[in-house]
Amino acid sequence: MVTSRVLFRGLSTLRRQFPTRVVSTAAVKSRPLSSLLRQSTHQPHTLPNASSHTRTLCTKGEGMIINIQDEKDFEDRVINSDKPVVADFHATWCGPCKILGPRLEAIIGGKKGKVVLAKIDVDDNMEVASKYKISSIPTVIGFKNQKPFGQFIGLQDDDQIDTFIEKLMG
């Protein structure tokens with residue numbers, strides 16, 4: 001049986017190997033990962049250097065939403081933040097992540113700037129994801145006073161998300 005960690009890392013690898021093909025979880029479960037990787041006719045997709053990216057910062061309502069670019073950026077803007085931070089570990093290809101992201105943005109937008117949402121794409125920030133042992137996505141970790149402060153994995157009801165954020169802000 002494929003563990004979630006192997007499945008997570010396997011899907012990340014497959015997404016880079018098959019940038020134009022959608023590789024589903026079912027495809028990974030039904031065939032060995034090695035057979036899927038051998039079928040690659042594309043060169044691995046290389047990501048641009050994180051330093052070439054523009055660090056984005058935008059506000060939605062009165063909440064702040066930031067996109068983390070690398071480990072140093074994570075340290076500066078999440079760990080060393082003077083406000084509580086909700087770190088959303090996600091991937092662009094993850095269906096549940098696409099549902100959870102806007103819900104987090106809406107809830108945090110209503111907190112009047114008292115909390116920050118940091119969005120971390122695990123494919124672009126594997127070192128950060130590995131450091132916090134992210135094996136399933138979406139994973140949300142709260143950070144307060146330079147330390148992790150609770151987490152949840154997967155989709156949650158809006159009430160549960162709001163309760164999580166209120167405890168973090170508390």
Side-chain angles (χ1 to χ4, degrees), residues 1-19 21-29 31-38 40 42-57 64-81 83-101 103-105 108 115-156 161 164-165 168:
M1 178 164 227
V2 178
T3 66
S4 60
R5 170 169 255 142
V6 172
L7 180 60
F8 170 71
R9 288 187 179 163
L11 283 174
S12 297
T13 302
L14 289 172
R15 300 258 179 226
R16 284 189 297 281
Q17 294 280 335
F18 298 93
R21 274 182 61 188
V22 174
V23 178
S24 69
T25 306
V28 173
K29 287 182 180 177
R31 293 187 291 174
L33 183 60
S34 58
S35 71
L36 291 169
L37 292 175
R38 280 194 302 266
S40 174
H42 301 346
Q43 292 297 321
H45 178 69
T46 55
L47 298 171
N49 186 343
S51 62
S52 68
H53 287 223
T54 303
R55 290 171 51 173
T56 57
L57 172 66
M64 290 184 21
I65 300 168
I66 56 177
N67 289 312
I68 300 301
Q69 303 300 317
D70 55 30
E71 280 184 277
K72 183 173 180 351
D73 193 28
F74 183 84
E75 183 80 20
D76 293 345
R77 297 167 78 193
V78 175
I79 301 300
N80 295 327
S81 176
K83 295 181 182 182
V85 179
V86 174
D88 175 20
F89 290 88
H90 70 280
T92 56
W93 48 264
C94 169
C97 299
K98 291 177 184 178
I99 296 168
L100 181 62
R103 291 168 64 195
L104 284 169
E105 291 174 15
I108 288 175
V115 66
V116 175
L117 174 61
K119 300 179 77 80
I120 303 104
D121 187 320
V122 296
D123 289 330
D124 294 341
N125 296 286
M126 289 183 184
E127 299 83 15
V128 176
S130 177
K131 181 177 181 178
Y132 290 95
K133 297 178 174 66
I134 306 300
S135 59
S136 299
I137 54 173
T139 294
V140 175
I141 302 176
F143 287 87
K144 184 176 184 177
N145 300 324
Q146 300 184 334
K147 296 178 186 166
F149 185 89
Q151 76 174 31
F152 65 85
I153 298 171
L155 290 176
Q156 303 290 320
I161 296 170
F164 174 82
I165 294 170
L168 178 65

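Keep in mind that the numbers below use all heavy atoms, side chains included, and drop hydrogens, waters and symmetry copies.
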For G154 versus L100, what's the shortest heavy-atom pair and its separation? O-CD2, 4.2 Å

Shortest non-hydrogen pair, F89 vs I137, comes out as O-CG2, 3.8 Å

Atom NZ of K147 and atom CD1 of I79: how far apart are they, to the nearest 0.5 Å? 11.5 Å

Distance (rounded to the nearest 0.5 Å) between I165 CD1 and I108 CD1: 4.0 Å

The test is side-chain contact (heavy atoms from CB on, under 4.5 Å); show your working for K83 and V115 and say whether it passes. CA-CA 6 Å; K83 295 181 182 182; V115 66; over 6 Å; no

Once side chain to side chain contact (heavy atoms under 4.5 Å, CB included) is applied, do any residues pair with E127, and if so which ones, sequence neighbours excluded? E71

When every non-hydrogen atom of P148 is compared with those of Y132, the smallest separation belongs to CG-CE2, 4.1 Å

With rounding to the nearest 0.5 Å, note down the distance linking OG1 in T139 to CD1 in I134. 4.5 Å

Nearest non-hydrogen partners of D70 and D73, listed with the distance: OD1-N, 2.8 Å

Over 60° means perpendicular and under 30° means parallel, so classify the ring planes of F143 and F74, tilted if in between. perpendicular

Who passes side chain to side chain contact (heavy atoms under 4.5 Å, CB included) against I99, sequence neighbours left out? R103, L155

Taking atom CZ of F152 and atom CD1 of I161, what is their separation to the nearest 0.5 Å? 4.5 Å

Has K144 got a side-chain atom pairing as donor or acceptor with P84's backbone, closer than 3.5 angstrom? no

Mind checking the OG-CD1 spacing from S135 to I153? Nearest 0.5 Å is all I need. 6.0 Å

Once you round to the nearest 0.5 Å, how far does CD1 of I141 lie from NZ of K133? 10.5 Å

Please name all residues satisfying side chain to side chain contact (heavy atoms under 4.5 Å, CB included) with K119, sequence neighbours left out, ordered by chain then number. I65, N67, D88, H90, E105, L117

How far apart are the closest heavy atoms of C94 and P138, and which atoms are they? SG-CD, 4.1 Å

